Amino acid sequence: MDKKRLEYYKKKLQTRREELARTITRTEEEGRTADDDPTVDLADKAANSYTKEFLFGQTNSDRAILQLVDESLLRIRSGIYGTCIECEQELQLKRLEAVPWAKYCVSCAEKHEQGLL
């Protein structure tokens, strides 16, 4: 992969990392304050509890993507970004454009999802 394209993906990943970090922080804060009002009735507490559980689930999903973004940034630094970590084939540019933190080619990703890798 040429330097210009590599720099493009690096900036894209860094931007996504910053967005995820802000979202995680905001979501955690919203989750912590969801049950702060002691005067709410039982139905409101149940709704708040559901909201809190949903927000923490969202945070876990964002954390997983953040981990993949961080791994991609490490692969950029080590010079192996843009290749499948399983078969070492070059990833398609369309795949990287859609999911810049992808670490598997389409074929290996399908095998991984099926539990074959």
Side-chain angles (χ1 to χ4, degrees):
M1 182 178 299
D2 63 21
K3 277 191 148 199
K4 187 176 181 181
R5 186 166 299 280
L6 197 59
E7 190 62 31
Y8 165 78
Y9 287 118
K10 182 178 179 180
K11 287 180 182 176
K12 193 169 186 169
L13 286 163
Q14 288 171 333
T15 300
R16 183 68 173 138
R17 186 186 193 296
E18 291 167 7
E19 291 170 358
L20 286 166
R22 280 194 304 270
T23 300
I24 289 168
T25 301
R26 185 181 64 244
T27 304
E28 285 177 343
E29 185 59 35
E30 289 172 2
R32 283 188 194 99
T33 61
D35 283 337
D36 282 352
D37 189 0
T39 62
V40 296
D41 66 3
L42 191 56
D44 287 340
K45 280 192 179 273
N48 287 344
S49 180
Y50 174 79
T51 300
K52 192 173 190 175
E53 204 56 40
F54 174 78
L55 290 172
F56 284 130
Q58 186 67 34
T59 299
N60 287 338
S61 174
D62 288 340
R63 284 180 196 274
I65 294 172
L66 181 61
Q67 177 66 34
L68 292 172
V69 168
D70 285 341
E71 289 172 7
S72 293
L73 290 168
L74 283 173
R75 286 195 305 277
I76 286 174
R77 283 192 282 274
S78 64
I80 58 171
Y81 178 79
T83 58
C84 177
I85 64 169
E86 186 63 33
C87 69
E88 298 180 2
Q89 295 293 318
E90 192 168 325
L91 298 178
Q92 295 178 336
L93 294 179
K94 286 183 180 180
R95 178 156 176 75
L96 288 175
E97 192 61 40
V99 186
W101 52 84
K103 57 184 176 179
Y104 296 110
C105 65
V106 174
S107 176
C108 289
E110 289 173 354
K111 290 176 186 175
H112 189 267
E113 289 173 4
Q114 296 169 356
L116 301 175
L117 288 182

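As the structure is a prediction and not an experimental result, all values here were calculated from the model.
Considering only heavy atoms from C-beta on, Val99 stays 4.5 Å or farther from Tyr104 through its side chain.
In this structure, SG on Cys105 lies 8.5 Å from CD on Glu86, to the nearest 0.5 angstrom. Of the inter-residue distances, the one linking Leu20 atom CG with Thr25 atom OG1 reads 10.5 Å to the nearest 0.5 angstrom. Interatomic distance, Leu66 CG to Trp101 CH2, rounded to the nearest 0.5 Å: 10.5 Å. Here CZ of Arg17 is found 9.5 Å from CD of Gln14. Values are rounded to the nearest 0.5 Å. In this structure, CZ in Arg75 is found 8.5 Å from CG in Leu13, a value given to the nearest 0.5 Å. In this structure, CD in Glu71 is found 11.5 Å from OG in Ser78, a value given to the nearest 0.5 Å.
Applying the side chain to side chain contact (heavy atoms under 4.5 Å, CB included) criterion to Arg22, with sequence neighbours excluded, gives Glu18, Glu19.
Shown here is Arg95, whose CZ atom has more than 12 heavy atoms of other residues, nucleotides or ligands within 6.0 Å. More than 12 heavy-atom neighbours from other residues, nucleotides or ligands sit within 6.0 angstrom of CD on Glu7. Other residues, nucleotides and ligands place no more than 12 heavy atoms under 6.0 Å from the NZ atom of Lys10.
Using a 4.5 Å cut-off between side-chain heavy atoms of Ile, Leu, Val, Met, Phe, Trp and Tyr, with links allowed through other members, Tyr9 and Leu6 fall into the same hydrophobic cluster. The hydrophobic cluster containing Leu93 also contains Leu91, counting ILVMFWY residues as joined when their side-chain heavy atoms lie under 4.5 angstrom apart, directly or transitively. Cluster membership check: Leu68 does not share its hydrophobic cluster with Leu74, using side-chain heavy-atom separations under 4.5 Å among Ile, Leu, Val, Met, Phe, Trp and Tyr.
Minimum heavy-atom separation, Ser72 to Tyr81: O-CD1, 3.8 Å.
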task: Using the side-chain contact (heavy atoms from CB on, under 4.5 Å) rule, take Arg5 and Leu96 through it: C-alpha gap first, then chi angles, then the decisive distance, then the call.
output: CA-CA 11 Å; Arg5 186 166 299 280; Leu96 288 175; over 6 Å; no

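Residues Gln114 and Glu110 have side chains that never bring a donor and an acceptor to within less than 3.5 angstrom of each other.
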